[in-house]
Colleague: 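Handing you this structure, nothing more for now.
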Amino acid sequence: MLTDTQRNRPSIDTLYIKTYGCQMNEYDSSRMAELMQRTYGLRLVGSPEEADVILMNTCSVREKAEEKVYSELGRWRKLKERRPDIIIGVGGCVGQQEGERIQRRAPYVDIVFGPQTYHKLPEMINRIRRERVRLTNIEMPEIEKFDHLPKPHAKGVSGFVTIMEGCDKFCTFCVVPYTRGAEISRPVVDVLSECRQLLRDGAVEITLLGQNVNGYRGEGPDGEEWDFTMLLYAVAELEGLRRLRFTTSHPMEMTPELAAAFGEIPQLMPYLHLPVQTGSDRLLRAMHRGHDRATYLRIIDELRAHCPDIALSSDFIVGFPGETDEDFAQTMDLVRRVGFDSAFCFKYSPRPGTPAATSEDNVPDEVKDARLQELLGCMRELTSAALARQVGKTVDVLVERKGRQPGDMEGRTPDFKIVHFRGQPRQVGQIMPVRITAAYGQSLRGELVLAEP
Ligand code: SAH
Ligand code: SF4
Ligand code: F3S
């Protein structure tokens, strides 16, 4: 075989990936890195300046996503001018949405791909190197990209597995159904074998991922369709698994069995992120969320009946078209009533191609800002109160890594709060009792409770 130098082709040795967006994108980026390592022996580097292949994995869920991509690309253009042989690729949800428009605006981009085509990266890169062409591939193939990717490996005590992708819910504000496509679930055996691999690599915690993870409907080993709760029970039984989590859930896919699982599966941690977006029935309808506020509150009651200590978090949008003071008051009321431990709060921004974008974005920006600040203020109080409640308790902490202060270790409580304490690097991967001594804005401090000698 001819080497790159004999073919007079510059060799490619290094890879840089810039990732925006959700955990699915983080997962996809790590799969891309593994694929490129496997195919080309590429080494992952920490900055685009050092890389021969530079990829951006983009997100288009909120405001100015496209602009952020183009301004980052502006910086990468300079690298390409200096080193014309580098390969620049844009993938992810902006890639899917914009397609060839990206190369029209930024002709130095070699590849545009979507969330469903990144397994074709090596093929695309080969063609580019052979034919010096620009490529776009934003198909949504029926076949599973997962079948074409190398088996993933865990990098720490906590591993992630995408079990389903896409979204069929079509909330009126959201681009995800258009960028990620329809809901597709992976077969149960594939999920279990990926989990087993992570556990063999030393992970003790697994987080199952999906845009509507609890909408999972995959083919079971018995040939029947398994729902999410059935899958949870099967994963929980895997040898070596100590902690199980999942994200993101949709209220419409919460079943009584899933709520009960929080009381029945010891490995399933008492924490749930359950986005509600607004507390106003009128807006829930306009957003096409499929449920009203009473239903959401009923689900919360049910969860707490099975798991009284469950910590809850959510996503909120303020300033959806037509949102009145009364609608917003309903949101504030719901937040206090549920008592979320934390939440992500966003100002509404119209996204291209979504139904809500055809309505006028008529809540003035000052009003959106004021509502956002009020909501964030309330959430800060709730978060502080939730952390303060832990002081004095002894909790099981999964030690994840060294803390920032020398001598400190960092880990998480069952309900997903960050704890710092004095410890040893060899404790990484262990679950240890820690007595909580202080609460800060976003985290806890504690000390190891050591067994009597
Ligand atoms: N599948 C998940 C989350 C998807 S996106 C779910 O259904 O809950 C993550 C969050 O981004 C959403 O929950 C929503 O709060 C926010 N978001 C989505 N589109 C938005 C938009 N157009 N403007 C502002 N926030 C938005
Ligand atoms: Fe977007 Fe709604 Fe689907 Fe979540 S459920 S990804 S908010 S359309
Ligand atoms: Fe963003 Fe796509 Fe995830 S739009 S939030 S990267 S699914």
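For the single chain, residues carry numbers from 1 onward in sequence order. For ligands, and for the atoms within them, numbers begin at 1 and follow the listed sequence. Small disclaimer: the values here were computed from a predicted structure and weren't measured.
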Colleague: Hey, are the side chains of F416 and M269 touching, using non-hydrogen atoms and a 4.5 Å cut-off?
Modeller: no
Colleague: Just so I know, are the side chains of L15 and R43 near enough to count as touching, which here means a heavy-atom distance under 4.5 Å?
Modeller: no
Colleague: Within 45 degrees of the ring normal and closer than 6.0 Å to the centroid, is that where the cationic atom of R351 sits relative to F173?
Modeller: no
Colleague: What closest approach, in Å, do F262 and Y271 show between heavy atoms, and which atom pair accounts for it?
Modeller: CE2-O, 3.9 Å
Colleague: Could you pull out the closest heavy-atom pair between C167 and V176, with the gap in Å?
Modeller: CB-CG1, 4.2 Å
Colleague: Using 4.0 Å as the upper bound for N to carboxylate O, is an ion pair formed by E98 and R101?
Modeller: yes
Colleague: Can you list the atoms of ligand 2 that are under 4.0 Å from a heavy atom of V176?
Modeller: 6 (S)
Colleague: Using a 4.0 Å cutoff against the non-hydrogen atoms of F170, which atoms of ligand 2 qualify?
Modeller: 8 (S)
Colleague: For ligand 2, indicate whether the residue P275 contacts it via side chain, backbone, both or neither (heavy-atom separation under 4.0 Å).
Modeller: neither
Colleague: Could you tell me if R217 sits above the aromatic ring of F228, with its cationic atom closer than 6.0 Å to the ring centre and no more than 45 degrees from the axis?
Modeller: no
Colleague: Inspect the contact between K347 and D365 and indicate whether a charged nitrogen and a carboxylate oxygen are less than 4.0 angstrom apart.
Modeller: yes
Colleague: Distances under 2.8 Å only: what protein N/O/S atoms are near atom 2 (Fe) of ligand 3, ordered by chain and residue?
Modeller: C93 SG
Colleague: Give the atom numbers and elements of ligand 2 that come within less than 4.0 Å of a heavy atom of P177.
Modeller: 8 (S)
Colleague: Quick one about T14 and D52 (side-chain donor to acceptor, distance below 3.5 Å, no hydrogens or angles considered), yes or no?
Modeller: yes
Colleague: Considering only heavy atoms, does T248 approach ligand 2 within less than 4.0 Å through its side chain, its backbone, both, or neither?
Modeller: neither
Colleague: Check for me whether R289 has a heavy atom closer than 4.0 Å to any atom of ligand 2.
Modeller: yes
Colleague: With a cut-off of 2.8 Å, does H250 put an N/O/S atom close enough to atom 3 (Fe) of ligand 2?
Modeller: no
Colleague: Can you tell me the protein heavy atom closest to atom 3 (Fe) of ligand 2 and the distance?
Modeller: C167 SG, 2.2 Å
Colleague: Measure from atom 7 (S) of ligand 3 to every heavy atom in R351, Q211, Q97 and give the option owning the shortest one.
Modeller: Q211
Colleague: Any carboxylate oxygen within less than 4.0 angstrom of a Lys/Arg side-chain nitrogen, looking at E374 and K368?
Modeller: no
Colleague: Does the side chain of Y216 pick up a donor-acceptor pair with the side chain of E183 at under 3.5 Å?
Modeller: no
Colleague: Any chance the rings of Y118 and F113 have centres within less than 6.0 Å?
Modeller: no
Colleague: So how far is it from S29 OG to K18 NZ, rounded to the nearest 0.5 Å?
Modeller: 11.0 Å
Colleague: How about T172 and H288: does a side-chain donor come under 3.5 Å of a side-chain acceptor?
Modeller: no
Colleague: Sub-3.5 Å donor-acceptor pair from the side chain of S185 to the main-chain atoms of M164, do we have one?
Modeller: no
Colleague: List ligand 1's nitrogen or oxygen atoms that come under 3.5 Å of a protein nitrogen or oxygen, with the partner atom and distance.
Modeller:
from: ligand 1; atom 1: 1 (N); to: Q211; atom 2: O; distance (Å): 2.8
from: ligand 1; atom 1: 11 (O); to: R62; atom 2: NH1; distance (Å): 2.7
from: ligand 1; atom 1: 13 (O); to: Q277; atom 2: NE2; distance (Å): 2.8
from: ligand 1; atom 1: 13 (O); to: D315; atom 2: OD2; distance (Å): 2.6
from: ligand 1; atom 1: 15 (O); to: Q277; atom 2: OE1; distance (Å): 2.6
from: ligand 1; atom 1: 22 (N); to: F173; atom 2: O; distance (Å): 3.0
from: ligand 1; atom 1: 22 (N); to: S349; atom 2: O; distance (Å): 2.8
from: ligand 1; atom 1: 23 (N); to: S349; atom 2: N; distance (Å): 3.1

Colleague: Could you tell me the residue and atom name of the protein heavy atom closest to atom 1 (Fe) of ligand 2, and the distance to it rounded to 0.1 Å?
Modeller: C174 SG, 2.3 Å
Colleague: Give me the nearest non-hydrogen protein atom to atom 8 (S) of ligand 2 as residue plus atom name, then the distance to 0.1 Å.
Modeller: C171 N, 3.2 Å
Colleague: For ligand 2, is any non-hydrogen atom under 4.0 Å from F173's backbone (N, CA, C, O), its side chain (CB onward), both, or neither?
Modeller: side chain
